[in-house]
Amino acid sequence: MAFAATYNAKETEDKWYSYWMENDYFHSEVNEKEPYTIVIPPPNVTGVLHMGHMLNNTIQDVLIRRARLKGYNACWVPGTDHASIATEAKVVNKLKEEGINKNDLSREEFLDHAWEWTHKHGGIILEQLKKLGASCDWERTKFTMDEDLSKSVIKVFVDLHQKGHVYRGYRMVNWDPKAKTTLSDEEVIHVEKEGKLYFLNYAIEGSDDVLSIATTRPETIFGDTAICINPNDERFTHLKGKKAIVPLCNRVIPIIEDEYVDLEFGTGCLKVTPAHDENDKNLGDKHQLEVIDIFNDDASLNSYGLHYEGKDRFDARRDIVKELETLQVLTKTETHINKVGTSERTGAVIEPKLSDQWFLKMKELAQPALDAVLDKEVALVPEKFINTYRHWMENVRDWNISRQLWWGHQIPAYYYGDGKEDYVVAESKEEALSLAKSKTNNDNLSLADLTQDEDALDTWFSSWLWPMSVFNGILEPDNTEINYYYPTNDLVTAPEILFFWVARMIIAGYEYRGEKPFNSVYLTGIVRDKQRRKMSKSLGNSPDPLMLIDKYGADGIRVGMLLSSPAGNDLMFEEDLCKQGSGFVNKIFNASRLILNWEVDQDKPQPAYCKTATAWYQAKFQKALAELEDHYNKYRISDALMTTYKLVWDDFCSWFLEMIKPPFGEKIDATTYQSAVTLLEDNLKILHPFVPFISEEIWQNISERNKEEALIIAAWPKQTWADEAFIKDFETVKEIISGVRTIRKEKNISFKDSIQMSVINNEKLSTSYDSIIAKLGNIEEITYVEEQLANSMSYRVKSNEYFIPMIGAIDVEEEIKKLTEELNYQQGFLKSVTKKLSNERFVDNAPEKVVAIEKQKQADAEAKIEAINQSLKSLK
RNA sequence: GGGCGCUUAGCUCAGUUGGUUCAGAGCACUUGGUUUACACCCAAGGGGUCGGGGGUUCGAAUCCCUCAGCGCCCA
């Protein structure tokens with residue numbers, strides 16, 4: 001075996017990734033086996049790998065590799081998302097740097113730039129995933145703006161429109177003045193900001209009275225179309241039916257009454273600006289108020305803003321406040337903390353704005369998706385997200401699906417006239433024309449008369465089809481691939497996009513296939529730094545994943561990421577975890593090197609301790625295998641890793657290998673060697689999902705393997721039976737060995753000096769373990785005795801007593817003190833058990849099993865006390 | 001303001017329907033060992049009145065009430 005003294009992760013990882021790719025192990029085709037499918041949450045096409053992706057994709061790769069080993073036809077579909085707003089923003093910025101203004105370009109010209117950008121930066125992230133070891137079926141790589149996926153999106157839009165779910169509405173939407181587009185409610189982040197509350201005096205028409213009104217947005221007075229008071233407010237009875245005059249623009253507006261007004265807030269009077277506040281809009285609708293929009297698309301004031309026309313809303317606010325102060329309209333300001341909606345993407349303060357947008361009715365569509373999760377048809381892991389999901393789905397609002405962007409799927413609506421209803425929706429312009437002709441009864445319409453809607457669809461309107469569209473399930477709903485791979489098995493994603501994406505995929509799944517898109521959703525946590533801050537570019541607290549891979553190896557990072565990340569919990573990442581990960585990889589490497597470097601003596605008989613050790617590890621392995629099954633079934637990936645980690649490090653390396661290791665300079669017998677190699681191979685199989693590279697490296701080093709014998713496609717170890725009684729016995733053996741080690745430490749007896757041991761075997765423990773106790777305790781001879789041994793150190797395991805003879809005089813005082821302490825403890829313990837057992841209500845009510853356990857405890861304690869008393873007597 | 005959840009060792013977390021030797025793991029820590037695979041090693045050890053208070057029960061980290069602190073989602 002050609003084993004280097006140290007493990008070179010980088011070389012090894014590149015080597016095996018290429019090997020796997022060359023031999024097509026990641027590729028899946030429809031066959032007679034049962035499929036196991038994952039679709040990747042498509043990252044932004046021009047994005048780069050961050051720690052969140054690392055965690056997410058490590059988990060997916062663990063699941064997919066394990067499925068492959070378990071004999072499923074494993075298929076992991078990779079791909080990217082066009083991410084309309086994020087990508088468009090990047091392209092706009094890049095053009096700006098080149099001195100090009102987006103508004104000076106035609107749609108086609110801009111899209112050329114966007115595609116160029118996409119081709120240049122697109123897919124980098126997928127290349128980075130390869131470094132992590134992701135075993136995606138790269139031949140299936142998809143992009144949400146691929147021709148077939150785009151067609152799917154358009155087809156679905158048209159279909160939903162025909163079914164009456166898609167409609168066009170003049171509604172108040174969240175307007176991002178920086179990106180000049182609408183945002184869905186989910187894309188708006190509310191942040192607490194300290195602002196001011198301004199108190200303004202409005203004159204009352206035909207009187208000298210003034211009315212004081214508190215507002216946070218004085219610049220919107222130009223859009224005021226009413227003042228509202230609460231009809232129950234006696235302070236304002238005299239104002240009923242009167243009119244007020246808006247300062248600066250001197251417009252006369254009615255004073256209306258509505259119980260909506262909060263008597264406590266501000267002055268108890270509300271200025272109503274229907275164009276710029278959702279609640280005001282509702283009030284306006286109720287009282288049929290005029291709507292005056294005072295902003296341009298970039299949130300600068302329009303002509304309604306009079307001499308402030310063209311000024312940005314915040315600059316305008318500052319200047320208006322000054323003017324109002326001079327005019328003595330502004331009487332007072334207070335600081336006021338309120339939550340301000342900001343754009344997730346651009347950070348701009350959201351402006352509520354009325355405009356024509358496309359909406360999708362959600363209530364009816366959401367119902368099956370809500371039921372699916374409540375009935376556990378689709379399992380959310382962890383379950384705590386079910387409540388959140390339900391709350392959201394029960395209060396679902398119509399989805400604004402149009403965006404004032406160019407990068408994305410252009411809405412297939414075609415206008416043939418100026419009227420609000422003068423449009424048709426169709427998959428192609430040609431179809432649109434014939435529809436328009438029949439709708440208008442005008443056969444003279446031509447293609448030139450049709451103008452397509454300028455807006456693009458929300459990105460999520462394409463990614464919600466992802467699990468279907470990657471298998472072409474929308475355009476060809478009955479093709480073999482979709483029928484075979486759909487529904488997929490697991491979806492691994494972040495809880496932040498539970499509604500953005502996951503819920504909508506479930507909705508689309510039921511609408512278009514009458515079936516869920518996946519069985520389970522594994523929700524990862526957010527990767528945070530040690531101070532619990534979210535890792536982000538702007539904070540600069542996120543390590544570069546590729547640097548980490550370089551430093552610790554992909555296997556090391558994978559272990560590091562999974563060491564502490566139960567589903568749904570945030571992951572406090574620190575580099576030390578990767579260090580621990582690469583330490584584990586190193587341990588695996590060294591243990592394998594030890595085994596494979598042993599020289600075998602074909603004629604040497606197998607020593608008894610080797611036989612016992614092998615049987616024990618086999619049992620231990622089986623037990624771990626059963627535990628792993630349980631952990632995986634419950635998606636407890638970290639626990640599965642920890643089980644494997646402890647099995648390999650503690651049981652295999654620290655116990656098993658130490659037990660069978662031949663004495664220095666000696667060879668190992670053939671039987672033990674063969675078992676050790678087989679057990680090592682079994683270890684590699686369960687290690688593979690976590691550390692694919694090192695495991696394949698060692699696997700291939702054990703013997704020549706042809707391409708059908710690679711570890712990546714090996715068979716998961718068979719589950720048989722774990723001999724629990726044997727394992728339990730062995731725990732006693734470990735305690736006996738620990739006892740020897742403790743005495744050695746206390747008495748400064750070097751491990752190199754062999755010692756004697758005598759046993760009073762009250763437990764009737766099998767003598768077959770003696771050879772192991774002797775080896776690991778470096779004991780020359782174990783003698784069985786009936787009487788306690790004088791001049792010795794003693795300890796007890798269960799009711800057995802162990803004696804190590806001391807050469808010099810032992811410290812009697814010290815021994816008595818120790819024994820007395822042990823005695824006190826045991827007596828106290830016995831007392832509590834006896835008390836419990838003498839409680840009739842306990843004996844009568846507790847299950848028999850529990851009572852039996854207590855009785856056993858009592859007997860054990862009594863036996864121990866007896867033994868300690870004996871020892872004490874012999875010392876005195 | 002409404003909803004959901006969390007609080008267990010220095011840190012990150014387990015703890016399944018209340019019931020095995022005074023609550024477990026990994027890391028960290030302390031001490032000792034190590035020419036014999038690995039200083040990325042081995043062994044031994046210390047450390048928690050399970051957020052506070054009250055209740056139900058033979059028995060509560062686990063169930064109920066209450067207070068306090070924290071987090072997330074929505075308005």
Side-chain angles (χ1 to χ4, degrees), chain A residues 3 5-7 185-186 188 190 278-279 339 341 382 384-392 394-395 397 495-496 498-499 526 530 532 552 556 563-566 568-574 576-577 579-598 630 634 636 638-639 641-643 645-646 649-650 653-655 657-658 661-666 737-746 748-752 776 798 825-826 828-830 832-833 835-847 849-858 860-861 864:
Chain A
F3 254 116
T6 50
Y7 177 61
D185 292 341
E186 291 73 29
V188 177
H190 293 267
E278 173 108 51
N279 295 314
K339 290 225 171 169
K384 69 176 174 186
F385 287 106
I386 294 175
N387 279 330
T388 326
Y389 180 89
R390 183 179 65 200
H391 187 253
W392 193 79
E394 281 174 350
N395 299 290
R397 312 217 298 189
E496 306 160 297
L498 184 57
F499 310 124
I526 295 167
K530 230 186 153 182
R532 288 192 175 268
Y552 300 102
L563 271 171
S564 174
S565 52
N569 276 27
D570 288 355
L571 168 69
M572 254 53 72
F573 181 82
E574 39 177 330
D576 276 358
L577 290 170
K579 214 169 146 195
Q580 198 186 339
S582 64
F584 184 48
V585 169
N586 185 62
K587 185 75 183 175
I588 298 166
F589 177 78
N590 274 298
S592 311
R593 196 162 65 100
L594 171 72
I595 297 172
L596 299 175
N597 283 339
W598 272 334
D630 188 47
K634 291 175 179 153
R636 302 166 75 141
S638 299
D639 290 344
L641 170 62
M642 193 44 73
T643 299
Y645 183 94
K646 284 196 278 192
W649 199 308
D650 297 340
C653 296
S654 297
W655 284 99
L657 292 183
E658 289 305 322
K661 193 196 256 181
F664 184 58
E666 285 183 31
I737 294 164
S738 287
V740 179
R741 285 170 175 167
T742 308
I743 287 177
R744 278 182 179 278
K745 192 182 173 186
E746 274 174 10
N748 267 325
I749 305 167
S750 162
F751 188 80
K752 284 186 219 158
L776 296 190
K798 291 190 172 164
Y825 167 81
Q826 289 297 339
F829 178 71
L830 177 65
S832 78
V833 175
K835 192 177 157 200
K836 212 173 191 180
L837 282 167
S838 56
N839 181 344
E840 270 174 42
R841 286 196 288 181
F842 170 73
V843 181
D844 293 347
N845 291 319
K849 200 176 129 198
V850 176
V851 178
I853 287 164
E854 290 300 313
K855 283 189 174 153
Q856 183 60 49
K857 285 188 206 169
Q858 188 182 34
D860 286 352
K864 260 197 178 160

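Per chain, numbering begins at 1; letters A, B, ... match sequence-line order.
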Which heavy atom of A:Y645 sits nearest a heavy atom of A:Q580, and at what distance? OH-NE2, 3.3 Å
Does any N or O in the side chain of A:N586 come within less than 3.5 Å of the main-chain N or O of A:S582, such that one atom is a donor and the other an acceptor? no
Using whole Å, report how far CG of A:L577 lies from P of B:A28. 10 Å
Of the candidates B:C4, B:A75, B:G26, the side chain of A:R397 sits closest to B:A75
Parallel, tilted or perpendicular: which describes the rings of A:F499 and A:W392, with under 30° parallel and over 60° perpendicular? parallel
Working to the nearest 0.5 Å, report the span between CZ of A:R593 and CG of A:N590. 5.0 Å
Which residue lies toward the 5' end of RNA chain B, A:M642 or A:L594, if each is placed at its nearest nucleotide? A:M642
Taking only the C1' atom of each, what is the distance from B:C6 to B:G15 in whole angstrom? 16 Å
Candidates B:G2, B:G5, B:G15 - which lies nearest the side chain of A:R636: B:G15
Checking all strands, does A:K579 fall into the base, sugar-phosphate, or nothing category for heavy-atom contacts under 4.0 angstrom? nothing
Can you tabulate the close N/O pairs, meaning under 3.5 Å, that link protein atoms to atoms of nucleotides 41-43 of chain B?
| unit_1 | atom_1 | unit_2 | atom_2 | d |
| --- | --- | --- | --- | --- |
| B:C41 | O3' | A:K587 | NZ | 3.1 |
| B:C42 | OP1 | A:K587 | NZ | 3.3 |
| B:C42 | OP1 | A:W649 | NE1 | 2.6 |
| B:C42 | OP1 | A:S654 | OG | 3.3 |

Which value, in whole Å, describes the distance between the P atoms of nucleotides B:C29 and B:U20? 33 Å
If only side-chain N and O atoms of A:K646 are considered, is one of them under 4.0 Å from the OP1 or OP2 phosphate oxygen of B:A25? no
Taking only the C1' atom of each, what is the distance from B:U62 to B:U16 in whole angstrom? 11 Å
B:C64 and B:C27: how far apart are their P atoms, nearest whole angstrom? 35 Å
NZ-CD1 distance between A:K661 and A:I595, expressed to the nearest 0.5 angstrom: 11.5 Å
Is there a donor N/O on one and an acceptor N/O on the other, under 3.5 Å, for the side chain of A:N586 and the base of B:C40? yes
Closest approach of A:E658 to A:L776 (non-hydrogen atoms, all atoms of both residues): O-CD2, 3.8 Å
Between CD on residue A:E394 and OH on residue A:Y389, distance to nearest 0.5 Å: 11.0 Å
Step by step, would you call A:L563 with A:F584 a side-chain contact (heavy atoms from CB on, under 4.5 Å)? CA-CA 11 Å; A:L563 271 171; A:F584 184 48; over 6 Å; no
Shortest non-hydrogen pair, A:T388 vs A:K384, comes out as OG1-O, 3.8 Å
Rounded distance (Å) that lies between atom C1' of B:C4 and atom CZ of A:R390: 10 Å
Watson-Crick or G-U pairs under 3.5 Å in RNA chain B, rendered as dot-bracket with [ ] for crossing pairs and | for another strand: (((((((..((((.....[....)))).(((((.......))))).....(((((..]....)))))))))))).
P gap between B:G71 and B:U31, integer Å: 38 Å
In terms of the angle between their ring planes, are A:Y7 and A:F589 parallel, tilted or perpendicular, with boundaries placed at 30° and 60°? tilted
P gap between B:G48 and B:A43, integer Å: 24 Å
Tabulate protein N/O versus nucleotide N/O from nucleotides 58-61 of chain B, keeping only pairs under 3.5 Å, one per line.
| unit_1 | atom_1 | unit_2 | atom_2 | d |
| --- | --- | --- | --- | --- |
| B:C58 | O2' | A:N839 | ND2 | 3.1 |

Please confirm whether the shortest side-chain N or O distance from A:Y645 to OP1 or OP2 of B:C27 is below 4.0 Å. yes
Side-chain contact check for A:K384: nearest option of B:G5, B:A14, B:C27 is B:G5
Shortest non-hydrogen pair, A:I588 vs A:S592, comes out as O-OG, 2.7 Å
Pairwise P distance, B:C65 and B:G3 [rounded to whole Å]: 15 Å
When the C1' atoms of B:U8 and B:A23 are compared, how many Å lie between them, rounded to an integer? 8 Å
Can you see which heavy atom on A:L837 is nearest to which on A:V843, and at what distance? O-CG2, 3.1 Å
Assign each of A:E496 and A:K634 to its nearest nucleotide of RNA chain B by heavy atoms, then name whichever residue's nucleotide is nearer the 5' end. A:K634
Closer than 4.0 Å, any side-chain N/O of A:R744 to the OP1 or OP2 of B:U34? no
Please name the pair of heavy atoms, one in A:E854 and one in A:F842, separated by the smallest distance, quoted to 0.1 Å. CG-CZ, 3.8 Å
